[in-house]
Amino acid sequence: MIKAILIFNNHGKPRLSKFYEHYTEDTEQQIIRETFHLVSKRDENVCNFLEGGMLIGGSDYKLIYRHYATLYFVFCVDSSESELGILDLIQVFVETLDKCFENVCELDLIFHVDKVHNILAEMVMGGMVLETNMNEIITQVDAQNKMEKSETFIFQSTRQDR
Amino acid sequence: MALKIVKGSIDRMFDKNLQDLVRGIRNHKDDEAKYISTCIDEIKQELKQDNIAVKANAVCKLTYLQMLGYDVSWAAFNIVEVMSSSKFTYKRIGYLAASQCFHESTDVIMLTTNQIRKDLSSPNQYDTGVALTGLSCFVTPDLARDLANDIMTLMSHTKPYIRKKAVLIMYKVFLKYPESLRPAFPRLKEKLEDPDPGVQSAAVNVICELARRNPKNYLSLAPLFFKLMTSSTNNWVLIKIIKLFGALTPLEPRLGKKLIEPLTNLIHSTSAMSLLYECVNTVIAVLISLSSGMPNHSASIQLCVQKLRILIEDSDQNLKYLGLLAMSKILKTHPKSVQSHKDLILQCLDDKDESIRLRALDLLYGMVSKKNLMEIVKKLMLHVDKAEGTTYRDELLTKIIDICSQSNYQYITNFEWYISILVELTRLEGTRHGHLIASQMLDVAIRVKAIRVFAVAQMATLLDNAHLLTGNMQRNGICEVLYAAAWICGEFSEHLENPMQTLEAMLRPKVATLPGHIQAVYVQNAAKLFATVLKSQEGNTDGTVTQDTSQLMIERLPVFVQSANLEVQERASCILQLVKYIQKLQQKDVEVAEEVSALFAGELNPVAPKAQKKVPVPEGLDLDTWINEPPSESESEDEQPKAIFTKEEPKHSRARHTEVDEKELARRREARKQEQANNPFYIKSSPSSQKVYQETPGVDHIPVIQIDLTVPLKVPGLPMSDQYVKLEEERRQKERAEKKKKDKKKRKEKRSGRGKKHDSGPESEEDITPAHMVDIVTEEMPENALPSDDDEKDPNDPHKALDIDLDNLEMSGHRPLADSEKIPVRSHRAAEAAKSPVEDRDADGIATQLPKKKHGKEKREEKKKKDKDRERKKSKDEKKKKKHKSEEKDGDLLGAEVDEPVVQSEEPSQASEPPTSNSAEVSDLDFWLSNAPVPSNIQEVPKVAAAEAASAAEVISGGAQDSEPDEPKDAEMEATKPSKHKKKKQKKEKEDKEKKKKKHHHYHHHSDGVGEESVQNGTVEEEEEPLPSMSNYCLLAENSYIKMVYDIQGNLQDGSQVVVSVIFENKCDSFLKSMEFNVLDSLNSKLQRPEGSGPHDSLAVPFQLPPGVSNEARYVFTVQSIVMPQKLKGTLTFIVKTEESSTHEKLDFKLHFTCTSYLITTPCYSDAFAKLLESADLKSSSVRLEGVNMPFHHLLARICFHHHFSVVERIDSCASMYSRSIQGHHVCLLVKTSGQTVSIDAKCDEPMLLGNVLDEIKQTFSQC
């Protein structure tokens, strides 16, 4: 199971937080801070796993992260997930973002966090991996975006009618 | 109105959207909080508007603010509003917001139930998808209960996109509503073989999660997973399955044996590191689960260790980390294979990556030996000095202590060195583990008598230099060390060089700044020291020293008397008065030393931490019974008046009374607990209050130590542990030299014994003698201590509730789904008719099988015979009434009625039973497992396992039987005891009757309940006459030695395969062995032979038959065309062995592949069925059967059973049936009956096949 997925930048500013277990807003922020603290002090060329912080998890949980340019992608998972598998999953996630946003950069995530959520929802559901095939993910995301567009189009046209 | 809308739209144009909000926040870096609070005010205004677009926009912004840490729960209701928008765009925003901030205690969640249900059944798959995704994040027990059935229906949705989401969310539903697991499990299992890889992966995912927590319930799925493992190419699925196997193998070692080969193959072949790693992990788990001693396993270990070494040596830090992680698992069981890679692991200790160092540390634990302990610890101490972060340093510290203290200090040869290490560790700043060091000091000083002199000296120095520690003592836990130091100095004060000095150190005013519990120890041990000083001065005529000591005590103790800590205060004032009194006596020149030291006489023995728990309860002592009857206010008072008023029916009142009593007792017990908790004078039992049990012989038990004085005992100041390393080296060299000499001598003398054995732990391979002949005093345990290690599970674990036995689900004879286990269905829903037969079976299982509940069983049995006839009539009447009613009513009930045939088709087949035993199914899991490289004896298989195996049986036959739950699994149990056959059969029939009886009972029970349900149950009505037993096994060949019966089943997975199960029964009194089975292949059908054997080779039957025993073997045939029946000639050769002779015998047979055998029972929805019939591709044909003299439901049951059909719908004397061939041909039947004539109209896309099937059906009925 995945317990949480966090994306924050090099300064610890959250860009996306998805908790699959309930925490209060304060705890969530604390977890993000703690995780950032743990992850940010690590060198570039060290392993991508670390034993979870105090707040999240326990001995069974691991933080698995990847650092891309200005962003950290952190997954907090328990022992039922394969470590290398999750690393691949992060890669798939980032590649998918790249495809959907066309050369994704931090700004995309800043302004379109809802879209990132929608993409993530096609990959991970309730803490379990739903789909790992990038093409399938993109197909579903695109189809939904298309639906959304058609709806706004109708809306706009009705507005023009008035 | 229009104006309002226009106004709304215009407003909206000026509203901030999410992007504006983000931009705004970025532009207000200095006063972000203020800006956001104005934004929130705006949002609140927006939420008040009617326009849903505005609301959605507001909610979208709130979702963002939630991420920044703002509580948005106040908008929960608005979120629900947005969720229920009909537009997908807004719905998605709403669900996202809900998934981010709803949780179990959000009260508006209960408003969402209907909305979610509506979305789940939306025709738009993305509405459903969004609802499922959202629900997965905030599902509550209530939602889970209310929606479980809807989600279960979605699991069979036509779109794989929905199916995979529905399957995945079921795990969350199970967690919140464990009752749903049993009813949903069969379908979940089905999804393991879904054609869509995504759905399959989701199902694997869910089952793996379930099995991880309660592996034993999923053992029976092993064959299925094994098949998936060998066939799947999806690495995600493979990894999950392999991980699952890792959890299963500890429960079934034979599974491990079977796994090793494919896993090693994968290890060799795969290029994916993730997969390789998981394979290695599971192989390790297998190796751990197998008892060692298998010669071929060392190769597997070597392979694993080799692969891991490659990982560790890799430049990728991730692989290195994982390699070390896996290595530590091997270490536990195969330390030797890991030890050879010590160099590599020590190298990792120097890695710049902390995670890797930590993992390497874990491994070190198993690497140490007497030889290298000092060296390794020295290295670690260096790391301690260098370490920058406190967490890593603390980790190092605990590891050092762990390594040294493991298995009773097995590897420590020099305890002085160890004490020095501990003392050195006290200099660590800011460590949290002062307590750990302290307990080690205490432990060593108490248990290693030889070291006490040294330890006391060290502790005295430590106390003396306490100020060095006290600088930052308050903040960190290191001052705990002083607790140990003070205690050791006090308790073993006889070893102190200069007790006066230590006493002085302990009474320094600064001590008062230490934590209370340490001060208390200081005070108490100051008294001990005082006693020692007095004793040492005994006989000394000059009384100044004692006078001074007393004076010192009297001067310093008042500080402690004023302490705020109760313990300190109490002890200090006691001791102060005592000393004052002693001083008075001293002034009178009275000898008091003896009396004072008597205060602290005696020795403390170490007691194992669990000793108290393990004191066995003496026989005959029941701790749960009352010693005195509890004060019974109600019992004595209530009984009297009750007896007066209820004299007329005393029996009744008594029965009720006991019931009340139990509740009452529980209540009272609770109340008493409460009272005790609130009563400050009540001494509560606390886990810490363990009594120290002193054995009677006590001190004598502790062996006396001899100290080897080759090592200088006095080291000035704080010792450096490094010195010991050197000294130790020298000592060992010296020893080695001596030993050589001795050996030479020995060789000369040849006869002299080996000398005394060293008794410190097991002899290490290096043969290093410890510097001290140390007897480590073992911790005391009470006599007869129970060796069990009872680790209690966390009672709050949600997975505990999911520990549900699922095997029995498939076994009709065992605990079936009970009424209470049914997933609640909304009663007003009219969709019943469209339900899939599978689902119906679930529900019907309840109706038909509920009676298996234990209680009341006997009662009913007694009643049964009397009431039977009466009840039959009664129920018939009632049924008639019911029918009238239901006809009057609406389609809803009709829908329920459609279910009838399903019940019936299942019922008779339950009653039926193959006349021959098919033992193979019993041991199917075993059979499957026995193919492992190391064959296990099938006959040895315990019968308990057989029960489990039965469910696996279905899996084996490729799920074909899956949809055929009617096969009486109970009967399989007989296989092992054919002699009891008849008896069982009778019993079975009896049971069957009983079942029906109970159904009647059930019916009556519900007859005045909801109409739908009672009709469903009422369907049982017509089945008063039990069906004659049926079997698909038919005779293959028979002679005086052996009888063979066979059955042919299609393989759902492979359209070109059928499985022939042959039961061999030994009819003679001789032993049958070397049986060989051979079939003459035709062009169309071929027996599958193992690779490498020729097309005419015979197959060995994998068992021998003792007299009277039968067993089953399975043979796979590949067929090309299935439209024609076919016969294959074959021969069985075998050796009949009697005591004197053995003869070669032969039996010819003909295998008849009917077209029916190519059909597979496949459930079909009525709507799908209708569509199928509409499509023009089907050719039709029909047949009439005359003179069929049996009830309609028997007829249907026969078709279902013998010809692998399932009932789609049944209305009165007309039923539609469906089946599918292994190559995917649809076969649809419409069966009508009038009088003794039965007409069957059939449609199929392959006319030839249809014709043959119909012929076969006709033949079936002509036979009876």
Side-chain angles (χ1 to χ4, degrees), chain A residues 1 13-26 28-29 32 41-43 45-51 78-85 87-89 110-114 117-118 121-122 125-133 136 140 143-144 147-149 151-152 154-155 159 162, chain B residues 2 5-6 9 18-19 22-23 26 53 60 63-64 66-71 87-89 92-93 96 100 103-104 124 126 129-130 132-133 136-137 139 161 164-165 168-169 171-172 198 202 205-206 208-209 212 235-236 239 243 273-274 277-278 317-318 320-322 352-356 358:
Chain A
M1 285 278 280
K13 286 251 183 224
R15 294 302 176 214
L16 174 128
S17 67
K18 181 87 210 170
F19 290 87
Y20 293 103
E21 237 165 69
H22 175 68
Y23 295 98
T24 63
E25 274 75 14
D26 287 343
E28 285 185 3
Q29 293 304 309
I32 295 173
K41 67 179 180 200
R42 292 172 65 83
D43 291 335
N45 47 2
V46 297
C47 74
N48 297 91
F49 318 117
L50 64 164
E51 256 90 312
D78 69 10
S79 61
S80 73
E81 299 295 338
S82 148
E83 291 88 345
L84 294 171
L87 275 182
D88 286 349
L89 187 69
I110 294 172
F111 286 108
H112 302 285
V113 64
D114 49 340
H117 268 297
N118 293 337
E122 295 303 321
M125 189 174 126
M128 285 189 289
V129 179
L130 178 70
E131 185 58 68
T132 52
N133 181 344
E136 170 71 15
Q140 302 298 352
Q144 291 177 56
M147 252 181 76
E148 199 172 300
K149 256 182 207 146
E151 278 180 2
T152 43
I154 293 165
F155 183 73
R159 208 154 51 153
R162 285 200 177 96
Chain B
I5 293 172
V6 172
S9 323
L18 176 61
Q19 280 73 32
V22 174
R23 205 166 291 130
R26 285 161 70 82
C60 185
T63 313
Y64 181 78
Q66 195 272 342
M67 183 180 79
L68 299 184
Y70 290 86
D71 176 28
K87 281 216 172 69
F88 173 72
T89 316
R92 181 152 78 160
I93 291 172
L96 173 61
Q100 289 295 84
H103 52 93
E104 281 199 14
N124 181 345
Y126 292 112
V130 147
L132 284 172
T133 307
S136 73
C137 291
V139 60
Y161 177 75
K164 74 180 175 191
K165 287 197 168 193
L168 215 50
I169 202 178
Y171 178 64
K172 293 275 176 171
N205 219 334
V206 170
C208 287
E209 280 296 335
R212 203 165 71 93
N235 278 356
W236 267 96
I239 287 174
K243 262 182 173 287
M273 273 300 177
S274 46
Y277 173 67
E278 296 305 339
Q317 297 283 324
N318 292 329
K320 189 174 277 205
Y321 174 87
L322 294 175
K352 57 191 178 312
D353 189 344
E354 191 178 296
S355 308
I356 287 183
L358 284 174

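Naming convention: chains lettered A, B, ... in sequence-line order (proteins, then strands); numbering from 1 in each chain. Not measured: the values here are computed from a predicted model.
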Next item on the list: Using side-chain hydrogen bond (donor to acceptor under 3.5 Å, both in side chains) as the criterion, point out the one residue from A:Gln144, A:Glu148, A:Glu151 that pairs with B:Thr89.
Entry: A:Glu151
Item checked: Engaged part of B:Tyr321 at the chain A interface, taking heavy atoms whose separation is under 4.5 Å -> side chain
Notebook entry, point to check: chain B heavy atoms under 4.5 Å from A:Thr24: which part of the residue, side chain, backbone, both or neither?
Noted result: neither
Margin query: Counting only non-hydrogen atoms closer than 4.5 Å, does A:Asp43 touch chain B with its backbone (N, CA, C, O), its side chain (CB onward), both, or neither?
Written below: neither
Next item on the list: Over all heavy atoms of both residues, which pair between B:Tyr277 and A:Glu83 is shortest? Give the atoms and the distance, please.
Entry: CE2-OE1, 3.7 Å
Checklist line | Pairs of heavy atoms under 4.5 Å with chain A: top-ranked of B:Ile93, B:Val139, B:Asn205 | finding: B:Asn205
Check: Which one, B:Lys352, B:Glu104, B:Met273, B:Gln66, leads in non-hydrogen pairs under 4.5 Å with chain A?
Finding: B:Gln66
Notebook entry, point to check: If you measure from the Lys or Arg side-chain nitrogens to the Asp or Glu carboxylate oxygens, is any gap between A:Glu122 and B:Lys165 under 4.0 Å?
Noted result: yes
Next item on the list: Could you tell me which portion of B:Lys164 (side chain, backbone, both or neither) has an atom closer than 4.5 angstrom to a non-hydrogen atom of chain A?
Entry: both
Checklist line | Portion of B:Cys208 that has a non-hydrogen atom of chain A nearer than 4.5 angstrom | finding: neither
Check: Taking every heavy-atom pair that is under 4.5 Å apart, which of B:Asn235, B:Leu168, B:Val22, B:Ile239 has the most such pairs with chain A?
Finding: B:Leu168
Check: Side chain, backbone, both or neither: which part of B:Thr133 has a non-hydrogen atom closer than 4.5 Å to chain A?
Finding: both
Margin query: At a 4.5 Å cut-off on heavy atoms, which part of A:Glu81 comes close to chain B: side chain, backbone, both, or neither?
Written below: both
Next item on the list: Against chain B, label A:Asn133 side chain, backbone, both or neither, depending on which of its atoms sit under 4.5 Å from a heavy atom there.
Entry: neither
Notebook entry, point to check: For A:Lys13, is it the side chain, the backbone, both or neither that has a heavy atom under 4.5 Å from a heavy atom of chain B?
Noted result: side chain
Item checked: B:Glu278 portion near chain A, given a 4.5 angstrom heavy-atom threshold -> side chain
Notebook entry, point to check: Measuring heavy-atom distances to chain A, does B:Val130 have an atom under 4.5 Å in its side chain, in its backbone, in both, or in neither?
Noted result: side chain
Check: Does any heavy atom of chain B fall under 4.5 Å from the side chain of A:Gln140, the backbone, both, or neither of them?
Finding: both
